[in-house]
Amino acid sequence: MRKLIEKFQKLSAPRIILLGFFCVIFLGSVLLSLPIVTKSGEATPYIDALFTSTTSVCVTGLVTVNTMAHWNLLGHIIILLLIQFGGLGFVAVMTSLMIVIGKKVSLKERLLIQEAYSFHKLSGAVNFIKKVLIGTLIVEGIGAVFFMFQFIPQFGILKGIWISIFTSVSAFCNAGIDIIGENSLVPYVGNPLINIVTMALIVSGGIGFPVWFDIIRVGKMVAKREISTKRVFLRLSLQSKIALTTTAVLILGGAIMVFCLEYNNESTIGTFSVVDKIQASFFQSVTLRTAGFASIAQENLRDDTSLICIILMFIGGSPVGTAGGIKTVTIAVLFATVISVIRGKKAVTLYHRKISIETVKKSLAMICITLFFLLVATFLLNITETQADFMTCLYEVASAIGTVGLSKNLTPYLSDVGKLIIILTMYMGRVGPITMAVGFQVKNKQAMIEFPEEDVLIG
């Protein structure tokens with residue numbers, strides 16, 4: 001056992017993250033396959049237990065069995081713990097446990113935190129994890145309290161409190177798994193409390209922890225009257241500026257597109273009042289940030305709306321948060337690169353700051369690799385799931401790779417091979433972008449070798 005631990009400690013950061021998520025998924029699948037965690041008292045087929053464990057740890061939300069109807073209280077607790085683990089991430093959870101039991105965080109573990117969260121310096125890594133843990137508990141707690149105003153009168157005190165806690169954690173972690181009913185949040189499509197609280201939790205979890213603390217830092221400066229409110233945005237870090245503006249543009253743009261394209265669709269929002277149409281459109285746009293809660297039936301969306309949704313799911317949330325996707329900053333760097341080429345600029349710039357060539361290369365690599373997996377998985381799923389059309393398969397895979405959890409009602413009817421494809425896709429979607437970002441930092445042994453330069457024709 002000691003030798004096994006020593007070998008584990010010698011692994012690189014990407015491999016530790018990959019193995020860590022894999023081990024938790026496997027443990028979760030074993031627990032969820034036991035008959036004591038189901039309402040019927042019968043064992044769950046292992047493929048469904050594995051799928052549920054993966055979708056929980058990868059905070060996706062696609063489910064092959066109904067979460068409320070299939071699992072009992074113990075099963076729900078296991079799923080909630082897996083969601084919380086997946087939302088915070090392997091490194092954060094392991095570090096938090098060490099802090100709780102009073103174990104000193106070694107230099108090796110501090111280096112792992114530094115690499116996993118792309119810190120430029122080693123100092124402050126453990127303190128960052130502490131603040132993430134405390135901030136997460138506070139935000140989830142506040143969300144649960146607000147949910148109680150709806151769920152306690154509806155379900156009773158104990159059940160209402162439990163549903164509120166579960167929904168708050170799931171929303172903050174962008175998991176999209178709920179124990180409310182069979183139709184997710186569709187019954188609450190016109191409920192302002194549920195919509196606003198859920199959207200706030202989704203955005204706060206997906207915006208990224210560094211953005212949290214940067215906003216708090218600038219807020220303190222305003223409180224101390226060191227800067228005026230007019231200069232708040234200017235004093236934010238470049239990371240925060242990109243994450244906030246890109247998120248705002250995507251949410252607003254997505255809501256407008258859904259509103260316009262689905263306005264007369266009676267199967268989605270066509271029969272709603274204008275206010276409810278606006279509310280449902282914004283919720284759909286926000287949940288595409290990799291949350292996965294649904295307030296309208298996804299299978300009834302028009303194809304052009306579905307395409308917009310796929311693009312937004314592919315982009316996802318912001319780095320170092322609970323969301324998936326290629327991330328908002330990545331797509332912002334891509335657009336900045338394209339603009340710099342069109343304008344004939346030598347450097348890629350955002351907000352009057354030069355983006356390093358390494359960041360540009362990582363962004364392009366991440367987009368290309370994720371897009372490759374998206375196309376391959378869609379191709380395979382389209383072969384195995386003969387009952388579904390291409391758009392339905394593409395929507396399912398985009399949802400899985402972006403760890404979103406929205407489905408055109410395909411997930412419950414997936415074949416065993418189809419389930420395995422989605423399981424691998426969800427796993428790649430959760431650990432892939434992190435692993436790629438960290439893995440590309442590994443030094444190349446041939447880095448000192450320079451080859452002759454020669455131009456080639458493109459376009």
Side-chain angles (χ1 to χ4, degrees), residues 87-89 91-92 95-96 99 105 110-111 113-143 145-146 168 171-172 174 196-197 199-252 286 289 317-323 327-333 335-336 339-340 345 347-356 358-360 363 437:
L88 290 174
V91 176
T95 307
S96 299
I99 294 171
V105 182
R110 291 173 186 268
L111 289 170
I113 297 171
Q114 182 187 23
E115 290 189 35
Y117 293 102
S118 301
F119 286 153
H120 298 293
K121 55 183 180 180
L122 191 60
S123 61
V126 176
N127 188 46
F128 175 82
I129 297 298
K130 288 181 180 179
K131 291 192 292 184
V132 167
L133 180 61
I134 294 171
T136 296
L137 295 176
I138 290 173
V139 175
E140 289 177 348
I142 294 172
V145 170
F146 277 106
S168 182
F172 177 80
N174 282 214
I196 293 172
V197 174
M199 287 191 289
L201 287 168
I202 292 168
V203 173
S204 61
I207 198 66
F209 299 120
V211 178
W212 279 20
F213 306 131
D214 196 34
I215 292 174
I216 293 173
R217 174 185 63 82
V218 177
K220 289 180 179 179
M221 296 175 68
V222 174
K224 294 177 181 178
R225 297 184 178 180
E226 296 177 3
I227 61 171
S228 65
T229 54
K230 294 180 180 180
R231 297 183 61 82
V232 167
F233 188 77
L234 295 175
R235 297 304 294 266
L236 292 173
S237 67
L238 180 61
Q239 171 83 19
S240 298
K241 290 177 181 177
I242 298 173
L244 289 170
T245 53
T246 307
T247 298
V249 169
L250 291 174
I251 290 176
L252 180 60
V286 171
R289 317 304 308 135
S318 299
V320 195
T322 60
K327 304 296 188 297
T328 54
V329 177
T330 305
I331 200 68
V333 170
F335 273 98
I339 292 172
S340 69
K345 292 183 178 181
V348 177
T349 59
L350 280 168
Y351 291 105
H352 306 292
R353 293 292 185 272
K354 181 180 177 181
I355 307 298
S356 70
E358 289 300 316
T359 300
V360 173
S363 299

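What you see below is based on every heavy atom in this structure, not just the backbone, and it leaves out hydrogens, waters and symmetry mates.
Ala323 approaches Gly206 most closely through the heavy-atom pair CB-CA, 3.8 Å. Shortest non-hydrogen contact noted between Pro319 and Pro210 is O-CD, 4.3 Å. Minimum heavy-atom separation, Ile331 to Thr328: CG2-O, 3.1 Å.
Taking CG of Leu137 as the reference point, atom CG of Leu133 lies at 5.0 Å (rounded to 0.5 Å). We find the CD1-CG distance between Ile129 and Leu88 to be 8.5 Å, quoted to the nearest 0.5 Å.
Applying the side chain to side chain contact (heavy atoms under 4.5 Å, CB included) test to Lys345 and every residue at least two apart in sequence or in another chain returns Ser340, Arg343, Thr349. Here Ser363 pairs with Thr330, Val333, Thr359 under the side chain to side chain contact (heavy atoms under 4.5 Å, CB included) rule; sequence neighbours left out. Contacts of Ile138 classified as side chain to side chain contact (heavy atoms under 4.5 Å, CB included), with partners at least two apart in sequence or in another chain: Ile134, Ile142. For Ala336, the side chain to side chain contact (heavy atoms under 4.5 Å, CB included) partners two or more places apart in sequence, or in a different chain, are Val348, Leu350.
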Does the side chain to side chain contact (heavy atoms under 4.5 Å, CB included) test come out yes or no for Ile196 and Phe146, once each step is laid out?
CA-CA 10 Å; Ile196 293 172; Phe146 277 106; over 6 Å; no

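Although no hydrogens or angles enter the test, the distance criterion places a donor-acceptor pair under 3.5 Å between the side chain of Thr322 and the main chain of Gly205. Remark: the backbone N or O of Ser204 is paired with a side-chain donor or acceptor of Trp212 at under 3.5 angstrom.
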Run the side-chain donor-acceptor check on residues 213-223: report pairs under 3.5 Å with partners two or more places apart or on a different chain.
{"residue": "Asp214", "atom": "OD1", "partner": "Arg217", "partner atom": "NE", "Å": "3.0"}
{"residue": "Asp214", "atom": "OD1", "partner": "Arg217", "partner atom": "NH2", "Å": "2.6"}
{"residue": "Asp214", "atom": "OD2", "partner": "Ser237", "partner atom": "N", "Å": "2.7"}
{"residue": "Asp214", "atom": "OD2", "partner": "Ser237", "partner atom": "OG", "Å": "3.0"}
{"residue": "Asp214", "atom": "OD2", "partner": "Ser240", "partner atom": "OG", "Å": "2.7"}
{"residue": "Arg217", "atom": "NH2", "partner": "Arg235", "partner atom": "O", "Å": "2.9"}

Can I get a per-line list of side-chain donor-acceptor pairs under 3.5 Å for residues 242-252, giving both atom names and the distance, sequence neighbours left out?
{"residue": "Thr245", "atom": "OG1", "partner": "Lys241", "partner atom": "O", "Å": "2.6"}
{"residue": "Thr245", "atom": "OG1", "partner": "Ile242", "partner atom": "O", "Å": "3.3"}
{"residue": "Thr245", "atom": "OG1", "partner": "Tyr351", "partner atom": "OH", "Å": "3.1"}
{"residue": "Thr246", "atom": "OG1", "partner": "Ile242", "partner atom": "O", "Å": "2.7"}
{"residue": "Thr247", "atom": "OG1", "partner": "Ala243", "partner atom": "O", "Å": "2.6"}

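Tested against Ser228, the residues Glu226, Arg225, Arg231 include a single side-chain contact (heavy atoms from CB on, under 4.5 Å) partner, Arg231.
Within a 6.0 Å radius of CZ in Phe233, other residues, nucleotides and ligands contribute more than 12 heavy atoms.
Between Gln239 and Ser318 the shortest side-chain heavy-atom distance does not fall below 4.5 Å.
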